[in-house]
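Inspection log for the structure reproduced underneath, given as structure tokens.
Whatever order the structure lists ligands and atoms in, that order sets their numbers, starting from 1. Residue numbers start at 1 and run along the sequence shown.
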Amino acid sequence: MGRMTTIRKLRARFVAGLLCVLSIASQIRTARGAATNPETPNVLLIIFDDLRTTVGAYNDSVAWTPNLDAFFAESVQFNNMHASKSECAPSRVSMLAGQRPDRLRIWSFEPKFRTYNPSVVTLPGHFLKAGYRAVALGKIYDNRSFYSSSSDEKDENVKIVRPVADICTDEDPDAECSWSSGVSKQTVQVNTDNICNNNGTEMFPGSGENPYAQHAHIIYNYADELIKKDMDYCMGSLAVAQLQELAEGDDPFFLAVGIAKPHLPWVVPQSIANHYGNISDAEFEPTSYPSSYWKSKHLKWSHAPNKELESYTGWNSVSVADRARGYYGAVSFGDQQVGRILTQLDSLEAANNTFVVFWGDHGFHLGDRDLWGKKTVFEQSTRVPFGIRPSANWLAANPDAATNGIGAKVQAPTDSVDILPTILDLCNLTIPAQTERAGTSLVPLMKDPTSYVRSAAVSQFEAYGSKSRRGYSIRSTNYRLIVYLPKYKVYKSSPTSLPYRKKTTKARQALFYYETPGQVELVDRINSAAHATAYKDLLKLYTQNADRDWTHLIGVEPFDHPSNR
Ligand SMILES: *[C@@H]1O[C@H](CO)[C@@H](O)[C@H](O)[C@H]1NC(C)=O
Ligand SMILES: *[C@@H]1O[C@H](CO)[C@@H](O)[C@H](O)[C@H]1NC(C)=O
Ligand SMILES: *[C@@H]1O[C@H](CO)[C@@H](O)[C@H](O)[C@H]1NC(C)=O
Ligand SMILES: *[C@@H]1O[C@H](CO)[C@@H](O)[C@H](O)[C@H]1NC(C)=O
Ligand SMILES: *[C@@H]1O[C@H](CO)[C@@H](O)[C@H](O)[C@H]1NC(C)=O
Ligand SMILES: *[C@@H]1O[C@H](CO)[C@@H](O)[C@H](O)[C@H]1NC(C)=O
Ligand SMILES: [Ca+2]
């Protein structure tokens, strides 16, 4: 048993520890060294669930997100960042492991993450090895990517405190793991032990309903006085308390906070609903498209994302404008939690020594082309808000980033697998060898936001109606090539070999051009002479990388960079 294992054992603390802190009314804030030591900067990672760029800082004129806007104004903002797969489990595992779904074999909820990846060191795992405390609050991984612990017996009559996914345990001290402690989203949902001081009532959605009955009503509005019954309000409270404890602790920290909004159902306090109620329907209604567009076959290739929405009671009796209002309202409520968390951080001395990273796990179609949901390889579904607010200490040592990066909007394509090497790079931890990661550090973009570290971002999703028909999207600065493999055979069974083979590139393809990120794809340019060079270059990128976990996409200036035209 190595030294790190012993340290990890000593650090294994559970929910109880956190609950104690919550009950201490006020504490004197003292700097104890570790959290303010510039050689061991801290990380606060905030993740939203199903968040597209419905954020003021992304030029969404309707979004009411003052706290995220303030965050992005102090950050390097990435305008062309994409998720590996537009679904919770694979997207989150891919980002946190720094490898793509194909390499990890995590395309959905099965197989479990650690089945084929027992020795993968995750992003928080790297921090644990460096002597940090790594804490997960809420949904960071999707818990379906992991087995419940053996003690997690199912008993309908008992409210079970769910284990945090990939938490380190004494049961198997040598196993790779991600967290020294935490509180799972499910624990907050059932509100065992009165976790947020709200008298043990269940959280929304589903006060008075089974909180595991996920497919409740599509939208909930509730009086502001009931705010403490909101799961994300509770998560904000836990984060506020946890930040104070960590800042006063003996170790530097990596704290991840998972906000469940704006995932369905859309849960919105009345004051926010009132705000959006004052904005006209026209602002929320999806644009209409030419009828010829609906004949376009590429739309049919996409997975049918609407099924999830349609599983929520009442979806069909809510107007499309009100659906969007529900989504925007949930985003605004999440934004308020960001405000609470960052206000707390900024009141602590550790703030100057803390990187704040914000990420959405994937996007969401809000009625564009009649798509409601995720699970496609189109822009609204793969593109996510992403920003890094550097620590003041790091900025002082990197004046080029302070001058050029803060407030900049990076247009270069970036990929969620880049987040792991970027954060390790910022914190002066060793970046894994290229064979152990799919991404590359984005720190050069923070210093020079007009530069490039990769020529394209990669996303994938199966074609609708044929799970075996895999779709890949290669997104450069201005283009997206979508390739659906004609079919594929059974994966190789060896955990060390890549699970698919390159087939023909003459599969079904589509090519889209974007003047600016965020545009809805309307015209397939695959046969357009004006875009033939772009097509050729992207196809080359695709064929050269399809068998190689796309690692060769790193370090190439994109063919569509203005200087290459
Ligand atoms: C980064 O790590 C190296 C080697 O561990 C160390 O020499 C250096 O001082 C560190 N830099 C900072 C800014 O902490
Ligand atoms: C928002 O619009 C402004 C002005 O057109 C532009 O400079 C900026 O880059 C845009 N931001 C994003 C995130 O697209
Ligand atoms: C994940 O949470 C669900 C409830 O949302 C629960 O039924 C399931 O057992 C949990 N799985 C794990 C691995 O904790
Ligand atoms: C909790 O319950 C007690 C007793 O019923 C009541 O006095 C108190 O106001 C409640 N607190 C909250 C936050 O609802
Ligand atoms: C909505 O508009 C009315 C009339 O202009 C105004 O009185 C009210 O304050 C607005 N409500 C919100 C929440 O903005
Ligand atoms: C944090 O950094 C800022 C800017 O470098 C500095 O003005 C401030 O004094 C620092 N605060 C603390 C508590 O060290
Ligand atoms: Ca999600």
Side-chain angles (χ1 to χ4, degrees), residues 33-43 51-66 68-82 126-127 129-132 221 223-224 252 268-281 283-284 325 328-329 332-333 335-336 352-355 358 360 363 379-380 383-388 390-399 401 404-414 421 423-431 441 443 445-447 449-450 475 477-478 514-520 562:
T36 53
N37 177 355
E39 284 181 16
T40 54
N42 316 296
V43 177
L51 179 67
R52 63 196 245 144
T53 54
T54 300
V55 176
Y58 280 83
N59 284 350
D60 187 312
S61 58
V62 181
W64 185 29
T65 52
L68 282 172
D69 298 349
F71 162 80
F72 279 110
E74 297 179 331
S75 301
V76 183
Q77 179 175 337
F78 294 82
N79 208 11
N80 199 2
M81 164 62 91
H82 300 272
H126 283 288
F127 281 88
K129 287 184 193 300
Y132 279 61
N221 292 342
D224 285 31
V268 185
Q270 198 57 52
S271 55
I272 292 176
N274 290 348
H275 170 88
Y276 287 112
N278 266 8
I279 299 171
S280 74
D281 280 7
E283 298 280 354
F284 295 102
R325 284 192 181 95
Y328 274 78
S332 292
F333 190 71
D335 176 81
Q336 292 182 353
N352 273 358
N353 199 35
T354 303
F355 290 95
F358 181 86
E379 184 83 342
Q380 311 306 326
R383 184 177 177 232
V384 296
F386 177 66
I388 301 173
S391 72
N393 291 339
W394 187 86
L395 274 185
N398 293 275
N404 306 319
I406 300 305
K409 285 127 182 45
V410 173
Q411 306 296 336
T414 55
I423 298 181
L424 294 180
D425 193 359
L426 288 169
C427 295
N428 201 24
L429 297 181
T430 307
I431 299 175
S441 171
V443 171
L445 298 182
M446 297 174 68
K447 298 177 177 176
T450 63
R475 177 69 163 89
T477 313
N478 293 103
Y514 307 84
E515 266 159 45
T516 58
Q519 285 181 326
V520 170

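- A parallel orientation is assigned to the rings of W64 and H275, their planes being inclined by less than 30° (bins at 30° and 60°).
- Each of the atoms 13 (C) of ligand 2 lies under 4.0 Å from some heavy atom of Q77.
- Within ligand 2, the atoms closer than 4.0 Å to a non-hydrogen atom of A57 are 13 (C), numbered from 1 in the order shown.
- Residue E39 places no N or O, backbone or side chain, under 3.5 Å from any N or O of ligand 1.
- At the top of the distance list for atom 9 (O) of ligand 2, counting protein heavy atoms only, stands K409 CD, 3.7 Å.
- T477 and Y514 form no side-chain donor-acceptor contact under 3.5 Å, judged by distance and modelled atom types alone.
- Using a 4.0 Å cut-off to heavy atoms of N274, the atoms of ligand 5 that qualify are 13 (C).
- Atoms of ligand 5 found under 4.0 Å from any heavy atom of H275 (numbered from 1 in listed order, with element): 13 (C).
- Remark: R383 is not positioned above the aromatic ring of Y58, lacking an NZ or CZ atom under 6.0 angstrom from the ring centre and at most 45 degrees off the axis.
- When hydrogens are left out, the protein atom nearest atom 12 (C) of ligand 5 is N278 ND2, 3.4 Å; that is the closest non-hydrogen contact.
- Closer than 4.0 Å to atom 14 (O) of ligand 2 lies at least one heavy atom of the protein.
- Atoms of ligand 2 found under 4.0 Å from any heavy atom of N59, numbered from 1 in the order shown, are 1 (C), 2 (O), 3 (C), 8 (C), 10 (C), 11 (N), 12 (C), 14 (O).
- Contact check on D281 versus R325 returns a salt bridge, with a Lys/Arg side-chain nitrogen under 4.0 Å from an Asp/Glu carboxylate oxygen.
- By the definition of a contact as any protein heavy atom under 4.0 Å away, atom 4 (C) of ligand 2 is not in contact.
- Note that atom 7 (O) of ligand 1 has no protein non-hydrogen atoms nearby, at separations under 4.0 angstrom.
- Distances from atom 11 (N) of ligand 1 to the heavy atoms of L429, T430, N428 put N428 nearest.
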